[in-house]
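Atom set for the values below is all heavy atoms of this structure, side chains included, hydrogens, waters and symmetry mates excluded. Throughout, protein chains are lettered first and strands after them, A, B, ... in sequence-line order, and every chain is numbered starting at 1.
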Amino acid sequence: MPELPEVETIRCDLAPELTGRRIVAVRVHKPDIVLSPTSAQRLTRALAGERIVEVSRRAKNLLFRLDSGRLLLTQVRMTGRFVLGPPLPARSELKHVAAEFDLDDGRTLYYDDVRRLGGFTLLSEGEWSVWEARLGPEPLEEDFTARLLADRLSRSRAPIKSFLLDQRRIAGIGNIYASEALHRARVDPRRTAGSLKPLEVTRLHRAIRAVLRDALAGSGTTLRDYRAVNGRSGRFQNSLRAYGREGEPCRRCRSRVRRIVQAGRSTFYCSGCQS
DNA sequence: CTTGTACCCTGACCGC
DNA sequence: TGCGGTCAGGGTACAA
């Protein structure tokens with residue numbers, strides 16, 4: 001999905017529009033976006049009449065807190081997007097509507113998802129606690145310190161790139177910002193997490209926070225599918241220094257940016273200054 | 001326990 | 001124009 005900055009951008013767009021609104025009716029067009037144990041029928045029935053009291057985010061999860069105390073959890077993963085209408089959204093934004101939520105102000109929230117890898121589930125407070133317990137710290141929160149990162153790194157023999165993608169260790173980083181953070185920190189993505197020296201850990205800690213903050217300030221990165229609410233693109237794609245730049249010169253040292261595959265996913269890094 | 005792989009799904013793109 | 005292969009920002013179940 002969209003990673004932390006993109007999901008946070010979606011949250012910022014939706015929160016002022018949805019907070020306090022009551023869901024009048026729900027239509028699920030693609031039942032496979034409703035994650036078990038919730039079913040499309042159960043979701044439809046349970047949400048009708050609920051008021052949204054808060055729109056929040058944890059890692060890459062978008063959370064709608066309902067006045068019954070339950071939470072509607074959403075993951076947009078690779079291609080999910082939200083559109084709020086009327087006016088009736090352009091057809092290009094609604095090619096694969098998986099669900100619609102009618103609101104008490106006459107508007108409708110559309111969830112569109114080409115690949116349908118994203119989805120919804122309904123959780124009780126307790127179920128959410130169990131879910132959240134599996135997630136690592138939020139990298140932009142104050143409690144994510146260099147010391148905390150150092151401690152977690154020291155326990156892992158995984159490549160640092162894979163470590164950054166593991167949501168149980170740090171929550172919210174995905175494939176783009178993992179490469180970007182390592183480039184900023186000048187750390188080779190093939191290094192073992194536990195092998196980073198104190199100075200490198202400090203650089204990586206700063207780099208993670210800086211790249212996520214900058215991306216958030218740019219409303220995220222739009223490479224192909226990601227859109228904020230109502231079709232807005234992000235702007236951070238113009239600031240990428242490693243991701244997607246295979247064969248191009250590094251902006252820092254002019255060496256070629258390389259692409260390798262780690263755990264089945266592309267990693268981009270500079271063969272010159274990341275070592 | 002940890003780490004890596006296959007899979008879910010569709011569409012865009014490339015080379016033939 | 002069509003066809004097959006590859007790839008895509010994620011997460012999970014399962015294997016080693």
Nucleotide nearest [X] when distance is taken to its side chain, options [options]:
| X | options | answer |
| --- | --- | --- |
| Q75(A) | dG11(C), dC9(B), dT5(B) | dG11(C) |
| R259(A) | dG11(B), dG11(C), dA8(C) | dA8(C) |
| A158(A) | dT10(B), dG11(C), dT3(B) | dT3(B) |

What's [X] touching, base or sugar-phosphate or nothing? Going by heavy atoms closer than 4.0 Å.
| X | answer |
| --- | --- |
| L117(A) | base |
| R155(A) | nothing |
| R265(A) | base |
| R227(A) | nothing |
| T221(A) | base |
| D32(A) | nothing |

Ring center gap for Y111(A) and F82(A) short of 6.0 angstrom: yes

Does the ring center of F64(A) lie less than 6.0 Å from the ring center of F101(A)? no

Which whole-number value in Å describes the distance from [X] [atom1] to [N] [atom2]?
| X | N | atom1 | atom2 | result |
| --- | --- | --- | --- | --- |
| R115(A) | dA8(C) | CZ | P | 10 Å |
| M78(A) | dC8(B) | CE | P | 15 Å |
| K95(A) | dT10(B) | NZ | C1' | 12 Å |
| H96(A) | dC8(B) | NE2 | P | 19 Å |
| L223(A) | dC13(B) | CG | P | 13 Å |
| D166(A) | dT5(B) | CG | P | 15 Å |
| L165(A) | dT5(B) | CG | C1' | 15 Å |
| I33(A) | dG11(C) | CD1 | C1' | 16 Å |

If only side-chain N and O atoms of [X] are considered, is one of them under 4.0 Å from the OP1 or OP2 phosphate oxygen of [N]?
| X | N | answer |
| --- | --- | --- |
| R168(A) | dT12(C) | no |
| S266(A) | dC7(C) | no |
| S156(A) | dT3(B) | yes |
| R116(A) | dT10(B) | yes |

Donor + acceptor pair across side chains of T121(A), T38(A) (<3.5 Å): yes

According to a 4.5 Å side-chain heavy-atom criterion applied to Ile, Leu, Val, Met, Phe, Trp and Tyr, with indirect links allowed, do L165(A) and L196(A) form part of one hydrophobic cluster?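 In one cluster with L165(A): L196(A), no.
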
Is there a donor-acceptor pair closer than 3.5 Å between any side-chain N or O of E180(A) and the backbone N or O of I176(A)?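 The answer is no, because no donor-acceptor pair under 3.5 Å joins these two groups.
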
Atom P, compared across dC3(C) and dC9(B): separation rounded to whole Å: 23 Å

When R224(A) and R169(A) are each assigned the nearest nucleotide of DNA chain B, the 5'-most assignment goes to R169(A)

So with a 6.0 Å cut-off around CZ of R206(A), is the heavy-atom count from everything else above 12? no

Is there a Watson-Crick or G-U wobble partner for dA13(C) with both distances under 3.5 Å, and which nucleotide is it?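 Across any shown strand, dA13(C) pairs with dT5(B).
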
